[in-house]
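All chains are named by letter (A, B, ...) in the order of the sequence lines, taking the proteins before the strands, and each is independently numbered beginning at 1.
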Number of protein chains: 2
Amino acid sequence: MPGGPLRDRRPEGGERLSRATAHRLSLYLRALAAWPADGGKVSSGRIAAACGVTDAQVRRDLASLGHLGRRGIGYDAPELAAAIRAVLGIDRTWRAVLVGVGNLARALLRYRGFRTQGFEVLALFDADPAKVGERVEGLAIEPTDRLAERVRELGAELAILTVPAEAAQPVADALGAAGIRGVLNFAPVLLKLPPRVKLVSVDLAIQLEQLAFLIQHGEPAADPAAR
Amino acid sequence: MPGGPLRDRRPEGGERLSRATAHRLSLYLRALAAWPADGGKVSSGRIAAACGVTDAQVRRDLASLGHLGRRGIGYDAPELAAAIRAVLGIDRTWRAVLVGVGNLARALLRYRGFRTQGFEVLALFDADPAKVGERVEGLAIEPTDRLAERVRELGAELAILTVPAEAAQPVADALGAAGIRGVLNFAPVLLKLPPRVKLVSVDLAIQLEQLAFLIQHGEPAADPAAR
DNA sequence: GAGTGTGAACGGCTTCACAGCT
DNA sequence: AGCTGTGAAGCCGTTCACACTC
């Protein structure tokens with residue numbers, strides 16, 4: 001058998017944390033940031049209460065980052081925040097471009113917390129010639145057919161896709177070819193991308209459907225945060 | 001104990017379907033809608049391919065809706081779509097209000113698929129007096145302090161919250177008091193609501209953080225759709 | 001007392017595999 | 001052959017409980 005023990009080798013480095021855990025870490029980070037910077041010590045219980053999860057869950061999540069807590073004491077808030085940022089990969093600045101400058105794009109651009117959390121939008125693109133040249137939040141809109149070229153030029157790693165559904169796949173193809181590493185997609189379609197490009201999709205209509213579902217079936221508890 | 005001799009309620013009383021399943025059902029529904037309306041028959045394999053899941057998963061999900069498929073044949077697309085709509089609770093119209101008329105709100109209002117999927121926004125509210133009276137997508141913006149009164153008047157069941165973070169909790173309180181049944185929240189805070197009010201939260205900044213995390217750790221596969 | 005770290009039990013979702021129908 | 005429905009198994013994330021530390 002040619003495969004042998006070399007295949008399927010777990011890349012060492014301890015425990016891989018799940019996507020769900022990563023999501024909660026974002027929540028914890030937000031809670032820490034909103035904290036009145038008192039003593040600097042926090043406990044799993046306080047974080048849990050602020051984020052709507054159990055304290056055991058918080059401890060389990062934080063333990064996966066290393067030995068950050070001290071028994072009987074708690075966690076050091078700044079140290080904890082730094083560790084979470086590091087594992088989430090937001091301890092540096094990500095260079096991003098945005099394609100499709102509609103209302104959603106404008107809302108995102110104005111959203112504080114993008115730049116503060118380490119995301120920087122470097123360029124805007126739109127296929128509509130009437131929009132090209134217009135300035136939004138300090139950036140001039142460029143034509144979409146320059147997308148690949150400019151992505152390479154700027155060294156952008158992330159793309160935010162806020163184009164209509166029909167335009168999404170062609171743009172995604174162009175982004176993939178230009179060497180982008182991640183796409184945050186708001187178009188309600190299933191994008192096909194090479195496996196080296198990571199994808200997170202947000203479908204706003206589906207969220208409303210989920211809400212209808214929750215009401216329809218009397219689920220036990222309200223949801224702390226959703227995806 | 002009422003009921004008595006009537007047991008054996010197979011059709012819908014038995015299995016509760018999970019939130020994850022409900023999310024996938026939304027995906028399937030979208031795939032069905034986008035289908036070229038050929039014969040009218042679909043198989044679990046085709047749906048699976050369109051949604052980025054396994055065929056076994058599709059069968060398991062659809063089986064939980066009742067006995068819709070026919071062995072050797074597949075599913076009848078229109079019938080399947082109707083069944084999914086029914087279980088998701090979107091086989092009727094939901095009356096909704098929207099609070100906080102910024103760019104995000106305008107993007108949502110323009111989003112086709114809201115009204116077509118059974119959601120109708122009846123009124124808009126904003127705390128900014130300068131915006132009150134302005135018409136957006138055919139609706140005049142009303143002052144937020146009329147919110148509770150108008151929710152009752154209109155019989156609204158759902159609310160879409162697109163206000164700044166600081167304003168979210170007070171508005172949520174007002175909505176809860178007015179008898180709203182569900183809230184779709186876009187403000188980056190953990191809302192406290194009575195358990196009878198269902199909550200779905202969408203945090204756009206967290207989605208970007210998730211993307212950074214995926215890139216940072218070379219996850220095996222790209223994600224079909226996210227929450 | 002307050003609080004973390006963690007094995008172990010638990011529960012639920014997903015995948016497998018195949019029987020059964022067309 | 002093609003495809004669904006479904007026990008059974010596998011897997012993974014969450015919760016429990018408690019030893020341990022300050």
Side-chain angles (χ1 to χ4, degrees), chain A residues 8 10 14-25 27-28 38-77 79-80 83-84 217 219-221 223-225 227, chain B residues 10-12 14-25 27-28 32 38-77 79-80 83-84 210 213 217 219-221 223-225 227:
Chain A
D8 267 358
R10 278 285 153 103
E15 327 176 10
R16 265 181 134 80
L17 34 88
S18 71
R19 181 102 184 255
T21 300
H23 187 261
R24 282 191 302 269
L25 288 176
L27 259 44
Y28 304 162
D38 58 24
K41 285 285 183 280
V42 290
S43 69
S44 57
R46 285 180 73 188
I47 296 175
C51 299
V53 300
T54 68
D55 54 346
Q57 181 77 77
V58 172
R59 286 200 299 279
R60 182 70 76 182
D61 289 340
L62 296 185
S64 71
L65 305 185
H67 296 242
L68 292 161
R70 288 176 58 188
R71 305 189 182 214
I73 303 294
Y75 304 86
D76 180 69
E79 187 187 354
L80 190 52
I84 293 178
H217 306 63
E219 286 284 322
D223 174 10
R227 333 126 150 252
Chain B
R10 260 310 168 93
E12 307 190 16
E15 324 176 11
R16 267 184 134 77
L17 34 87
S18 72
R19 180 102 184 254
T21 299
H23 187 261
R24 281 191 303 271
L25 288 177
L27 260 43
Y28 304 161
L32 288 172
D38 57 25
K41 285 284 182 278
V42 290
S43 69
S44 58
R46 286 180 71 187
I47 297 176
C51 298
V53 300
T54 68
D55 54 345
Q57 181 77 77
V58 172
R59 286 200 298 278
R60 183 70 75 183
D61 289 340
L62 297 185
S64 71
L65 305 185
H67 296 243
L68 292 161
R70 288 176 57 188
R71 305 190 182 210
I73 303 294
Y75 303 86
D76 179 69
E79 186 187 355
L80 189 52
I84 294 178
Q210 295 304 301
F213 166 78
H217 307 63
E219 286 284 323
D223 175 11
R227 330 78 183 270

Heavy atoms from C-beta onward define the side chain here; which of [options] lies closest to that of [X]?
X: B:Thr54; options: C:dT15, C:dG3, D:dT15; result: C:dT15
X: B:Ile73; options: D:dC16, C:dT15, C:dT22; result: C:dT22
X: A:Arg70; options: D:dA8, D:dT15, D:dC22; result: D:dC22
X: A:Thr21; options: C:dT15, D:dT15, D:dT14; result: D:dT14
X: A:His67; options: C:dT6, D:dT15, D:dG13; result: C:dT6

Over all atoms of both residues, closest heavy-atom pair of [X] and [Y]:
X: B:Tyr75; Y: B:Ser44; result: CE1-N, 4.1 Å
X: B:Cys51; Y: B:Tyr28; result: SG-CD2, 3.7 Å
X: A:Arg46; Y: A:Lys41; result: NH1-O, 3.7 Å

Donor-acceptor pair under 3.5 Å, A:Arg59 side chain vs C:dG5 base
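Counting by modelled atom types and ignoring angles, a donor-acceptor contact under 3.5 Å is found here.
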A:Arg60 (side chain) and D:dT15 (base): donor-acceptor pair under 3.5 Å:
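Result: at least one qualifying N/O pair found.
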Calculate the interatomic distance between [X] atom [atom1] and [N] atom [atom2]; express it in whole Å.
X: A:Asp55; N: D:dT14; atom1: CG; atom2: P; value: 14 Å
X: A:Asp61; N: C:dG3; atom1: CG; atom2: C1'; value: 17 Å
X: A:Arg19; N: D:dC11; atom1: CZ; atom2: C1'; value: 19 Å
X: A:Glu79; N: C:dT4; atom1: CD; atom2: C1'; value: 14 Å
X: B:Lys41; N: C:dC21; atom1: NZ; atom2: C1'; value: 15 Å
X: B:Leu68; N: D:dC3; atom1: CG; atom2: C1'; value: 15 Å
X: B:Asp76; N: C:dT22; atom1: CG; atom2: P; value: 16 Å

Any chance you could measure A:Arg19, atom CZ, to A:Leu17, atom CG, to the nearest 0.5 Å?
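One gets 12.5 Å once the value is rounded to the nearest 0.5 Å.
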Please round to the nearest 0.5 Å and tell me the distance separating atom NE2 of A:His23 and atom CZ of B:Phe213.
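The CZ atom of B:Phe213 is 12.0 Å from NE2 of A:His23, to the nearest 0.5 Å.
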OP1 or OP2 of [N] sitting under 4.0 Å from any side-chain N/O of [X]?
X: A:Arg24; N: D:dT14; result: yes
X: B:Tyr75; N: D:dG2; result: no
X: B:Gln57; N: C:dC13; result: no

A:Gln57 side-chain N/O to A:Ala48 backbone N/O, donor-acceptor pair under 3.5 Å:
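Flag not set: sc A:Gln57 to bb A:Ala48 has no pair under 3.5 Å.
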Which residue, A:Gly72 or A:Leu62, contacts DNA chain C at a nucleotide closer to its 5' end, judged by nearest heavy atom?
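Upstream on the strand: A:Gly72.
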Given B:Val58, which partner from the list B:Leu62, B:Thr54, B:Asp61 fulfils the side chain to side chain contact (heavy atoms under 4.5 Å, CB included) test?
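Output: one option passes, namely B:Leu62.
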Quick one: which of B:Leu27, B:Leu68, B:Leu25 gives a side chain to side chain contact (heavy atoms under 4.5 Å, CB included) with B:Ile84?
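Of the listed options, the one satisfying the test is B:Leu25.
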Degree of bending, the helix from C:dG1-D:dC22 to C:dT22-D:dA1 (end axes from five pairs; round to 10°):
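Roughly 0° between the end axes, to the nearest 10°.
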Which is more 5' along DNA chain D, the nucleotide nearest B:Arg71 or the one nearest A:Ala56? Just name the residue.
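Looking at the nearest nucleotide for each, B:Arg71 comes out on the 5' side.
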